[in-house]
Q: 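Okay, here's the structure, questions in a sec.
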2 protein chains.
Amino acid sequence: MEYQEAKEKFISTWGSLGTMWGINKAMAMIQALLFVSTKPLSMEDIMEELQISRGNTSMNLRQLMDWGIVTKEIIPGERKEFFTTEKDVQELARQIAKERSRREIQPVIKVLKEVSSIKDDKTDKTKELIKQTKALHELTENADKMLNKLINQEQNWLTKSLFKLIK
Amino acid sequence: MEYQEAKEKFISTWGSLGTMWGINKAMAMIQALLFVSTKPLSMEDIMEELQISRGNTSMNLRQLMDWGIVTKEIIPGERKEFFTTEKDVQELARQIAKERSRREIQPVIKVLKEVSSIKDDKTDKTKELIKQTKALHELTENADKMLNKLINQEQNWLTKSLFKLIK
DNA sequence: ACAAACTTTCAATAATTATTGAAAGTTTAA
DNA sequence: TTAAACTTTCAATAATTATTGAAAGTTTGT
């Protein structure tokens, strides 16, 4: 497999992985492209390489910046804006975990807490609803705590912890 | 908040959480409904409660069974089929983790391995592609190993491990 | 202040994904 | 063996989500 083919394969695989986990294809592909690029890319570069429109590129770059995994680079003497992504996989993982926790897991935990706190009227169905949502609430909260722990540790904590768990 | 409202809130929240993580709404809602139900439900029951069509119900129940988190119950004297979901959150989490690993993570690991193994022609861009996909490969493989570890342990291992990590 | 070089916005459109419902298929009881 | 009771399948349709492209907005250099 040659460079170009390998690169395209990587980008499109990353794109479809994104789709499977609720992240849009263009967004995932832009990040993948930046991730293996040796230098910052302009909007033109990205549009060209991925064959997507200016609007699409602009919107998805913005989202990636909102997620904190892509940053604008000012290149002296250039009028265009250039973009790079976080190159360190650990940091990338932490950032994504952090954002998904904040945006998606927290609101669900909130609802689970509310629902599991309704007044127990002693009927079977109410007891079951409370019991089951409480169990889910605990599980979700634990998983999320772990995720947050990962997020707030220094660089290599994740790898070390995983290693301890695995061996 | 009363029982009915709480139940509906739980089901629809679970449904939209599903959507955010690439699982379709009806599938997530059916699972949620079964999860808080005190007894097995028939297709009619599910259609009625969630206001979805027979075809939709049938297809999504099938998927849930393929995922191994819903099972058919035979109720003596009843002609209809009845369904239940795994009621234990630990087991549910393990089953979902197992399936998502098998279906989605493994194929990506395979591609990352392929791409990171291309011939190094000593150009900067090839070196960067190899380096970055290799890093991603390692991270993904570690995370997946942990997931698999969780899957193959006895019941309470997950909670215990998480607890150890958190404290 | 102007205009060239750029980026953003957003209504229109396309692509994808989910849902319906009726026909075909299956199972069961008599 | 028949037919009622039920489930599955799948082409048609609806709903959702992503993408385009051109107009509006912004920034920069002169």
Side-chain angles (χ1 to χ4, degrees), chain A residues 11-34 40-67 70-84 100 103-104, chain B residues 11-34 40-67 70-84 100 103-104:
Chain A
I11 292 171
S12 79
T13 303
W14 211 239
S16 42
L17 181 72
T19 304
M20 277 174 196
W21 291 83
I23 283 159
N24 103 19
K25 200 176 58 168
M27 185 171 159
M29 287 170 77
I30 293 172
Q31 198 278 325
L33 173 62
L34 292 173
L41 301 180
S42 69
M43 214 150 92
E44 295 291 341
D45 295 336
I46 297 168
M47 288 166 60
E48 163 74 16
E49 186 119 22
L50 302 179
Q51 293 292 305
I52 58 180
S53 72
R54 188 174 298 282
N56 199 3
T57 307
S58 171
M59 287 168 119
N60 285 107
L61 277 171
R62 149 94 87 123
Q63 278 219 72
L64 285 163
M65 288 186 287
D66 289 348
W67 274 64
V70 160
T71 46
K72 263 186 202 163
E73 298 268 309
I74 306 299
I75 294 195
E78 285 277 10
R79 190 121 164 209
K80 286 184 206 154
E81 295 175 326
F82 287 78
F83 301 89
T84 45
R100 292 208 86 155
R103 295 163 193 241
E104 296 155 17
Chain B
I11 291 171
S12 79
T13 302
W14 211 239
S16 42
L17 182 72
T19 303
M20 278 176 196
W21 290 83
I23 283 160
N24 102 19
K25 198 176 60 168
M27 186 171 158
M29 287 170 77
I30 292 172
Q31 198 277 324
L33 173 62
L34 293 173
L41 301 181
S42 70
M43 214 149 92
E44 295 291 341
D45 295 336
I46 297 169
M47 288 166 59
E48 162 75 15
E49 186 119 22
L50 303 180
Q51 292 293 305
I52 59 178
S53 72
R54 187 174 297 283
N56 199 2
T57 308
S58 170
M59 285 168 121
N60 284 109
L61 276 170
R62 151 91 86 120
Q63 277 218 72
L64 285 163
M65 288 187 287
D66 289 348
W67 274 64
V70 161
T71 47
K72 262 185 203 164
E73 297 267 310
I74 306 298
I75 294 195
E78 284 277 9
R79 188 116 164 215
K80 284 183 206 156
E81 295 175 326
F82 286 78
F83 301 88
T84 46
R100 292 207 85 154
R103 294 164 194 241
E104 295 154 16

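Proteins come first, then strands; the chains are lettered A, B, ... in the order of their sequence lines, and each starts at number 1.
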Q: If we count only N and O atoms by modelled type, under 3.5 Å, do the side chains of B:Trp21 and A:Glu104 hold a donor and an acceptor together?
A: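 Yes.
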Q: Would you check if A:Thr71 and A:Phe83 make a side-chain contact, meaning some heavy-atom pair closer than 4.5 Å?
A: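 A:Thr71 vs A:Phe83: side chains apart.
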Q: Ignoring hydrogens and geometry, is there a side-chain-to-backbone donor-acceptor pair from B:Ser58 to B:Arg54 under 3.5 Å?
A: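 No, because the side chain of B:Ser58 does not come within donor-acceptor range (under 3.5 Å) of the backbone of B:Arg54.
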Q: Given D:dT9, C:dG21, C:dT8, identify the nucleotide with an atom nearest to the side chain of B:Ser53.
A: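 For B:Ser53, the side-chain atoms sit closest to C:dG21.
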Q: Show me the protein contacts with nucleotides 23-30 of chain C, counting only N or O atoms at under 3.5 Å.
A:
{"residue": "C:dT28", "atom": "O2", "partner": "B:Arg79", "partner atom": "NH2", "Å": "3.0"}

Q: Using side-chain heavy atoms (C-beta onward) and a distance below 4.5 Å, is B:Trp67 in contact with B:Arg100?
A: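 Answer yes - side chains close enough.
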Q: Quick one, B:Asn60 and B:Asn56 - any side-chain contact, counting heavy atoms below 4.5 Å?
A: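 Heavy-atom side-chain distance check passes, below 4.5 Å.
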Q: Between B:Asn56 and C:dA18, is there a contact of a side-chain N or O with OP1 or OP2 at under 4.0 Å?
A: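 For C:dA18, OP1/OP2 do not have a side-chain N/O of B:Asn56 under 4.0 Å.
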Q: Closer to the 5' end of DNA chain C via nearest nucleotide, is it B:Gln51 or A:Lys25?
A: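 Here A:Lys25 is the residue nearer the 5' end.
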Q: Assign each of A:Thr57 and B:Phe83 to its nearest nucleotide of DNA chain D by heavy atoms, then name whichever residue's nucleotide is nearer the 5' end.
A: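 Final value for this comparison: B:Phe83.
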Q: Across all strands, who's sitting opposite D:dG21 as a Watson-Crick or G-U wobble pair, both distances under 3.5 Å?
A: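 With both distances under 3.5 Å, D:dG21 matches C:dC10.
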Q: Given atom CE of B:Met47 and atom P of D:dA5, what is their separation to the nearest angstrom?
A: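 That distance rounds to 16 Å.
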Q: Do A:Ser42 and A:Asp45 have side-chain N/O donor and acceptor atoms under 3.5 Å apart?
A: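 Yes, A:Asp45 and A:Ser42 have a side-chain donor paired with an acceptor closer than 3.5 Å.
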Q: Can you tell me how far the CZ atom of A:Phe82 sits from the CD1 atom of A:Ile46, to the nearest 0.5 Å?
A: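 Between A:Phe82 CZ and A:Ile46 CD1, I get 10.0 Å after rounding to 0.5 Å.
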Q: Take the protein atom CD of A:Gln63 and the nucleotide atom P of C:dC10, then report the distance between them rounded to whole Å.
A: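 In whole Å, C:dC10 P and A:Gln63 CD are 15 Å from each other.
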Q: Using atom CD of A:Glu44 as one end and atom P of C:dT7 as the other, report the distance to the nearest whole Å.
A: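 Checked: the CD to P distance equals 7 Å.
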Q: Among C:dC6, C:dT9, C:dT19, which is the nearest nucleotide to the side chain of B:Asn24?
A: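 Selected nucleotide (nearest to the side chain): C:dT19.
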Q: Base, sugar-phosphate or nothing for B:Thr19? Non-hydrogen atoms, less than 4.0 Å.
A: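 Sugar-phosphate contact only.
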Q: Side chain of B:Lys80, heavy atoms from C-beta onward: which of D:dC6, C:dT8, D:dC10 has the nearest atom to it?
A: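 Of all the options, the side chain of B:Lys80 is nearest to D:dC6.
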Q: Between A:Arg62 and A:Glu78, which is nearer to the 5' end of DNA chain C once each is assigned its nearest nucleotide?
A: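 Closest to the 5' end, via its nearest nucleotide, is A:Glu78.
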